[in-house]
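Numbers here simply count residues along the sequence, with the first being 1. In listed order, ligands and their atoms are each counted from 1.
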Amino acid sequence: MSTDKIPFLDLVTVHRELQDELVEVLTTALKSAGFIGGPMVQGFEEDFARFCEVRFCVGLGSGTDALRFALMATGVKSGDIVITVPNTFIATTEAISQAGAQPDFVDIDPRTYAMDPGKLRQYLEHKCRRNTKTGQVIHNATGKPVTAVVPVHLYGQMADMDTIVEICDHYNLKVIEDACQAQGAEYFSGKGNRWYKAGSMGHAAAFSFYPGKNLGACGEAGAMTTNDEQLAQTCRLLRDHGQSKKYFHDIEGYNGRLDAIQAGFLRVKLHHLARWNEQRRQTAERYDKLFAGAEGLVTIPHQPSWARSVYHLYVVQVEDRTQLQKQLNDVGIGTAIHYPIALHLTKAYEGLGLQIGDFPIAEKAAAHILSLPMFPGLTSDQQERVVAEVLKALSTTSSVS
Ligand SMILES: *Cc1c(COP(=O)(O)O)cnc(C)c1O
């Protein structure tokens, strides 16, 4: 077996393969000096809306902008509480705070790592009351209104959207999907009796095109999607200083536009996304097979029958994650941890007053998860070596203890 290094993520090869097309985008942009807005941005927005099977896509500067603008556009405001999960990238909660709201959390499903709808229901039933006149949900401890929920489709796996949407409809809460890791993931809705794309089931959704995402720009980029024309229009205002036309500011907005060159790059790469996602699925399936028989040692990702994950990451759980990561690193295999500290325990959120033990499932996951190499182009030989080294490392650690 080869002993070459196996990176956690290879972003170089794909860009070498697409170099001619990408350079052409750059040449076109230079010729017209159309760097902001214009046909490249509009073209990508149309293509991505079609890909997500939604009516509208608004190109934005980042996934964080997309979350913030989507929250603001759906009416989240200063003093609200917005509910999400503790095991996400901090951008999810940053956007909630930037919209003026306070993030709060509910625990996750231990198998999918996504929001547990039962925990959401418990939170609303037991930690909140309803204002009898307005019907608004009020958080008992703070007296603040709860106005929105942000399920995160983590690792490319969908949250249980039918149940989450049903609960949120009942309580009149907005649903903003954090689909930053889930471009192309699908959910089978029993209610709609068909498959839905990530980003098409909530009131609005946020996507990131950070380079390492399944669809990545060659720099910073993001987008929001929605079927609601008014929401799309508000996000268009928010991204461009609230301008309905140049120097006519309907509201105070932000500088949160999608760069035209990045839109051009994304448009080129979007043509390949379905194929890349399919390669990721095959890669995940190969890992699953290679780990069969190691059930007690390695917990592999679980895919419910209602989900088609796009495996942004392939995340396993083991008893001694630190030791395994070190041993893999020693033999040249790259890994990562998404994410090592649940957000309620991170320093930035000390002020929320949350404790160890508040979200035990997310905390346990944070302590045991490890993301193995995953990208289109990872070969089966490389995967065999990764799994062999994982099993070897686990057999030595368990014999030591
Ligand atoms: C990447 C990511 C974001 C933020 O996206 P940026 O484009 O980096 O701002 C938000 N949420 C999740 C779950 C992410 O993975």
Side-chain angles (χ1 to χ4, degrees), residues 8-9 11 44 48 57-72 82-99 101 103 105-106 108 112-115 148-159 161 164 175-185 198-199 202 204-225 235 238-239 254-259 262-263 265-266 269 277 280 309-315 336-344 346 348-349 362 365-366 369 371 374-375:
F8 170 65
L9 170 65
L11 278 180
F44 171 70
F48 195 66
C57 166
V58 180
L60 300 166
S62 66
T64 312
D65 278 351
L67 282 162
R68 173 169 44 144
F69 297 162
L71 286 160
M72 295 174 83
V82 174
I83 303 169
T84 187
V85 287
N87 63 329
T88 177
F89 182 53
I90 193 169
T92 316
T93 45
E94 283 173 333
I96 292 169
S97 302
Q98 288 164 7
F105 304 102
V106 296
I108 54 168
T112 64
Y113 304 104
M115 180 179 282
V149 174
V150 183
V152 181
H153 305 319
L154 201 71
Y155 309 152
Q157 168 90 272
M158 296 285 293
M161 288 304 289
I164 291 170
V175 180
I176 290 91
E177 296 172 68
D178 183 338
C180 287
Q181 299 190 2
Q183 296 94 340
F207 288 91
S208 167
F209 306 120
Y210 187 77
K213 303 289 160 89
N214 286 31
L215 176 62
C218 306
E220 301 277 0
M224 68 81 71
T225 55
C235 287
L238 285 168
R239 76 174 168 184
Y254 297 81
N255 177 350
R257 295 170 299 239
L258 172 61
D259 180 303
Q262 295 305 334
F265 290 155
L266 286 166
K269 293 177 82 178
N277 280 344
R280 286 174 183 271
S309 173
V310 287
Y311 293 95
H312 173 59
L313 297 167
Y314 189 89
V315 177
I337 302 168
H338 302 88
Y339 298 91
I341 304 177
L343 286 179
H344 66 289
T346 209
Y349 291 120
I369 46 174
S371 307
M374 168 55 85
F375 51 89

Using 30° and 60° as the class limits, which term best fits the ring planes of Phe207 and Phe48: parallel, tilted or perpendicular?
perpendicular
With a 6.0 Å cut-off on ring centres, are Tyr210 and Phe89 close enough?
no
Nearest protein heavy-atom contact for [atom]: which residue, which atom, what distance?
| atom | answer |
| --- | --- |
| atom 3 (C) of ligand 1 | Cys180 SG, 3.7 Å |
| atom 15 (O) of ligand 1 | Gln181 NE2, 2.8 Å |
| atom 7 (O) of ligand 1 | Ser208 OG, 2.6 Å |
| atom 11 (N) of ligand 1 | Asp178 OD2, 2.9 Å |
| atom 9 (O) of ligand 1 | Thr64 OG1, 2.5 Å |

Show which atoms of ligand 1 fall inside a sub-4.0 Å distance from at least one heavy-atom site of [X].
| X | answer |
| --- | --- |
| Ser62 | 7 (O), 9 (O) |
| Thr92 | 11 (N) |
| Ala91 | 3 (C), 4 (C), 10 (C) |

Under 3.5 Å: donor-acceptor pair, side chain of [X], backbone of [Y]:
| X | Y | answer |
| --- | --- | --- |
| Arg280 | Tyr311 | yes |
| Asn277 | Gln183 | yes |
| Gln157 | Thr112 | no |

Test item, Lys213 contacting ligand 1 (heavy atom, 4.0 angstrom)
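The answer is yes: ligand 1 sits under 4.0 Å from a heavy atom of Lys213.
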Would you say ligand 1 has an N or O under 3.5 Å from any N or O of Glu220?
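Between Glu220 and ligand 1, no N or O pair is found under 3.5 Å apart.
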Are any of the N or O atoms of Gly63 closer than 3.5 Å to those of ligand 1?
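Yes: some nitrogen or oxygen of Gly63 is under 3.5 Å from one in ligand 1.
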Any [X] side-chain heavy atom under 4.5 Å of [Y] side chain:
| X | Y | value |
| --- | --- | --- |
| Val150 | Leu71 | yes |
| Met224 | Cys57 | no |
| Tyr113 | Ile369 | yes |

Counting heavy atoms only, which part of Thr88 comes closer than 4.0 Å to ligand 1: side chain, backbone, both or neither?
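Within the 4.0 Å criterion, Thr88 contacts ligand 1 through side-chain atoms alone.
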